[in-house]
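Taking it in order: structure first as structure tokens, then the write-up.
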Amino acid sequence: MVGSRGQGNVWLLLLLAGAFIFAGMALIATARSPRADQWTSFAVWILCALGAASVLRWRLPSHDPLLLALPMFLSGWGLVAIERLAPAFADRQTLWLAISVLAMLGVAVFPQVLRWLRGYRYSLLAAALLLLGATIVLGRNPSGLDFAPRLWLGAGAFYFQPSEIMKVILVAFMASYLAEQNLTRRARNNEPTGLSLRLVGPILLMWLLSMVILVWQRDLGTAMLFFIVFLLLLYLSSGDPRLVLGGALLVLVAGVVAYQLFDVVQLRVDIWLDPWPEADGRAYQIVQSLMAFAAGGIAGTGVGMGSPGYIPVVHSDFVFAAIAEEWGLLGVIAILSSFGVLAWRGLGIALNHQGSAFHKLLAAGLTMTLLVQALMIMAGVLKLLPLTGVTLPFISYGGSSLFACHIMLGLLLRLSAGAR
Amino acid sequence: MNIELTIFLLRLLAGLSLVGFLLALFAVIWRQGVQHPAADRAGQGFLVREQPTLAEDELRCSLRPIVTLGRAAGNTVVINDDFASASHARIVLEGGRWWLEDRESRNGTQLNGETIHRRTILADGDEIGIGKYRYRLHLNQENMAS
Amino acid sequence: MPDSRTIRHVLAGTLICLALVGLSATYWALAGQHSLLLREDNPRIIEAQRDIVRGGIYDRNARPLAETVQLENGLARRYNYPTTYSILGYYSLRYGVGGAESAYDALLSGARPIDSIADYFQRRILNLPQIGADIMLSLDVEIQDALVRALDGAAGTAIVLDARSGAVLALASQPSFDPNSLDTDWPALIEAEGKPFFNRALQGNYPLGGNMAVIWLAQAIAGGFDLSWRFTGAAEPVDLGDGMIAGCVIRPGAAELTLGEALTYGCPAPFASFRQTDSAATADVVLSPFAFQDPFTLPAFPQPATINLPANVEGLSPAVLALRQALGQGDITTTPLHLAAVMAAIANDGLAVGPSLLTGSRPTDIDQWQPQSLESASRRMMDAETARRLRSVMQDARARLWPPPQDSPPSGAHVARSFSGDKTQLWLNGFVDADEAGAFAFVVLLEDREDPSQLLSVGRALFDSFASQR
């Protein structure tokens, strides 16, 4: 591909991101008693950013540098946010970032990974479903609380959420499956696309899988995410909006049924429709989140000077609200722009003419997984949608999530360089 | 240096670096959006030989209204394979669409692994198979409408 | 195979969703400023309040009456002088502010609009804690202590004014409360029968009652009445109708009394008779210079309460009603503060200076006290000669009840009684004129009392402490 893709820009972007993260860490240091570990976090971030940029430049010279600079910017911001909101978790998150960036480089640099994803897709899918099954049977919650959803598999102090890595495998599986169906040409040649089992089958399968996740794990967010991404891929591969409408109908039906059957869904929808009467009860979290947006205003209160601590679990699901309070609307727009450019570049890989159908669908699928997840939680925090406890990619606390996001990013970097 | 000045300067640095990051980001997008590297090089699309693979210099052939494939030397794409007929197949632009025609070859032409029996519309990413050769079609949809 | 049209659709949809999130965030960030942030359940309001470094309150000798101290778990308000609690009030995150803390809240909390760019940077960019100014009150802890000691725990109120400047030197109201433990005591305090948060000196509104004697005496002096004239039957009780019978506060030794002696013992009968010697001098006419209808108040403090005067006056004859008005049991009421201003006028040659409490403030960035402008209106209540002769009558009265030691400063006093509903109040009013040290006027009110013995002991304690003050 093209060598002159503006590689100089990545250094400028990383420099500015570094200055921003430095300012955040230093402001935290002024606001509370100093803790040397935050500078360790910062140092690890610098190493990750420079190391990843150098390795990619050396081994994958034609990659898209924005796909590295943006996520590094966001994950550095995430480190600052967690250092600010939950210092006890900051070391763990830093460690996870280092592991994740290494994994990302591995995926990006070794060309076999894409072939494996396609070639062993059934084995991978089976393994992923097995993990999911294991979670349903053996799942735990790190908090140890009985009512908390048991989405983790753990050994000792190490916990992992299989549904996160399942995202990657499922997207790869869907992409390779749909790529082989050649739905576009069928439509063009007026071959029947309607009710063939090859089309409806996977739709029902995905729907079923989502429902299993929802019913057995009460993990509304992941279930929704899987299904929406699948519908988008279906639309991309067929170009037929009817399939999407049909799928959306299924989501709606599932939603109504879930509302009737599950307390957790009912609760989320109820407080979404009208949180105000229960502002100090069940809707406390969402009302506090909106108050954080109001308290932040345009310029924000400044790092360490707001009170985002009033929002329960602010460091994971509600990190977006904390950013709105302390960095203001400016910070919110920066994050939205970053995700917007990420969508642009990610889907841009699919727009590019170099890849096969599998590669295009994979690039689009991975990008949309990141974007749909980000949109779901941001809209939830802002009371645009019911809350679906998913993490904000790259920023929220959570090792599994950070790891999975970087794996997806590694694949995107590989694809951006031209897959062959 | 007193603490107030430090906080002020740090907040200034945070704000400026954030705005700077966004501006640099949009500058990159603007420059690359204006001069899309793939667009001018590809024209309306091109054909890439995938199998057998050539090391780095892939066999690449820009599409023109009629692209002929076959063993004979006069073809647009010359196929050095005993299974291929002299004039094996051709790709033509008609009514704004690309079609694949088999020119009554001995061993047939495959599209995505299936032998075609009539003119078939081509789509971006399709794989054309002649003998042991595989060609990948890349269409530039932006330029198709014209 | 995805074609670029569908990819563009998906991209456009994604960007539109991001824009919607941005619009929604903008809405909450801008509109929420006015609706959400002002909600009572916004913990940030309390947090902001907790971070305010509230200014201290000092007495006129710069003793710290109330101060903000740094404890392990944050800032706390500490009150150091128990006798001043009733006038200082309280400051609580849960229950708000009261008393002087409430009256001077803006100064103490430093709440003010942003007034400069530097100010904006300090408060919005640096988020420096809001720091209030220290304030200085005219209170004197030593006088305050003496006054409260003299009250000896009785329900009531006592005020000492500087007669020349109107400055409040001491002001106590009982029963009181402890602002240091307000949050725990609050439920009991708010239910308490003695109404500890009701400042009797400022809010209490009582019938003028026997205090009317001073007004009649001023009228007698101004009208040239012979003060050595003895009224017969002076110690007899006066029937005010409907079971209200006003007798002497302290039993006099003789049956015939001059107006001065009647003032000494709080006997109403001579004044009832005197009233009839001058038909032009109705109660309303003689009262008007003393401005009971438009009393002095302390700005920003709670205003006097309205009280229900005896309701069943319909059955009473006009003569009895006129008698009631003449003896202070009509529709004229007074606050202890205003009566103290009348006493101050007597001590200050007839000129009453409006009472004031705040004397100065000290903003955080300045290390010097800045005087607070004292622009309270003054009123002439009598001419200087009348005031002088009234002083000498009251000095005689004081000498009869509490014989003064040698070379004590000129001081005067009288006692009085008023009936409010089924309650009786006893009053002890007077002045101390210690030339160089200034002149003080004081009013002591004991609530719900008949027996004058405590009034006598309060007076003794008060004059003793004034003598030792010098």
Worksheet item: Within a reach of under 6.0 Å around CD of C:Gln368, are more than 12 heavy atoms found that belong to other residues, nucleotides or ligands?
Response: no
Worksheet item: Is it the side chain or the backbone of A:Gln288 that comes within 4.5 Å of chain C heavy atoms, both, or neither?
Response: both
Worksheet item: Does any heavy atom of chain C fall under 4.5 Å from the side chain of A:Leu371, the backbone, both, or neither of them?
Response: side chain
Discussion item. To check you understand the geometry: which heavy-atom pair defines the closest contact between A:Val332 and C:Ala25, and what is its length?
Written reply: CG1-CB, 3.8 Å
Worksheet item: Non-hydrogen atoms of chain C under 4.5 Å away: do they reach the side chain of A:Ala295, the backbone, both or neither?
Response: both
Fill in: Which portion of A:Ala321 sits near chain C, non-hydrogen atoms under 4.5 angstrom
neither
Discussion item. For A:Ile333, which atoms come within 4.5 Å of any heavy atom of chain C: side chain, backbone, both, or neither?
Written reply: neither
Response to the item:
Rounding to 0.5 Å, atoms CE (A:Met305) and CG (C:Asp51) come to a distance of 12.0 Å
Discussion item. Between C:Cys17, C:Gly13, C:Pro43, who has the most heavy-atom pairs with chain A when the cutoff is under 4.5 Å?
Written reply: C:Pro43
Discussion item. Quick check on the interface: out of A:Ile298, A:Ile335, A:Thr301, who has the most heavy-atom pairs with chain C under 4.5 Å?
Written reply: A:Thr301
Fill in: Heavy-atom contact with chain C under 4.5 Å, split by part of A:Leu290
both
Fill in: Side chain / backbone / both / neither for A:Ala364 at chain C, heavy atoms under 4.5 Å
neither
Practice prompt. Give every residue pair that meets the side-chain hydrogen bond (donor to acceptor under 3.5 Å, both in side chains) criterion with at least one member in residues 362-373 of chain A, sequence neighbours excluded.
Written response: A:Lys167-A:Gln373, A:Gln373-A:Thr391
Worksheet item: Under a 4.5 Å heavy-atom cut-off, does chain A meet the side chain of C:Leu30, its backbone, both or neither?
Response: side chain
Worksheet entry | A:Leu384 side, atom CG; C:Trp28 side, atom CH2 - distance, nearest 0.5 Å | 9.5 Å
Worksheet item: When rounded to the nearest 0.5 angstrom, what distance separates OG1 in C:Thr6 from CG in A:Leu234?
Response: 11.5 Å
Worksheet item: Under 4.5 Å between any side-chain heavy atoms of C:Ser24 and A:Lys383, yes or no?
Response: no
Item to complete: Drop me the distance from C:Ile16's CD1 to A:Leu375's CG, to the nearest 0.5 angstrom.
Response: 11.5 Å
Fill in: Crowding at CG, C:Asn61 (>12 non-hydrogen neighbours, <6.0 Å)
yes
Fill in: Any side-chain heavy-atom pair of C:Leu36 and A:Phe293 under 4.5 Å
no
Practice prompt. Give, as side chain, backbone, both or neither, the part of C:Leu18 having an atom under 4.5 angstrom from any heavy atom of chain A.
Written response: both
Fill in: Non-hydrogen side-chain atoms of A:Tyr235 and C:His9 separated by less than 4.5 Å
yes
Worksheet item: To the nearest 0.5 Å, how far apart are CG in A:Leu370 and OG1 in C:Thr14?
Response: 11.5 Å
Worksheet item: What part of A:Tyr310 lies closer than 4.5 angstrom to a heavy atom of chain C: side chain, backbone, both or neither?
Response: side chain
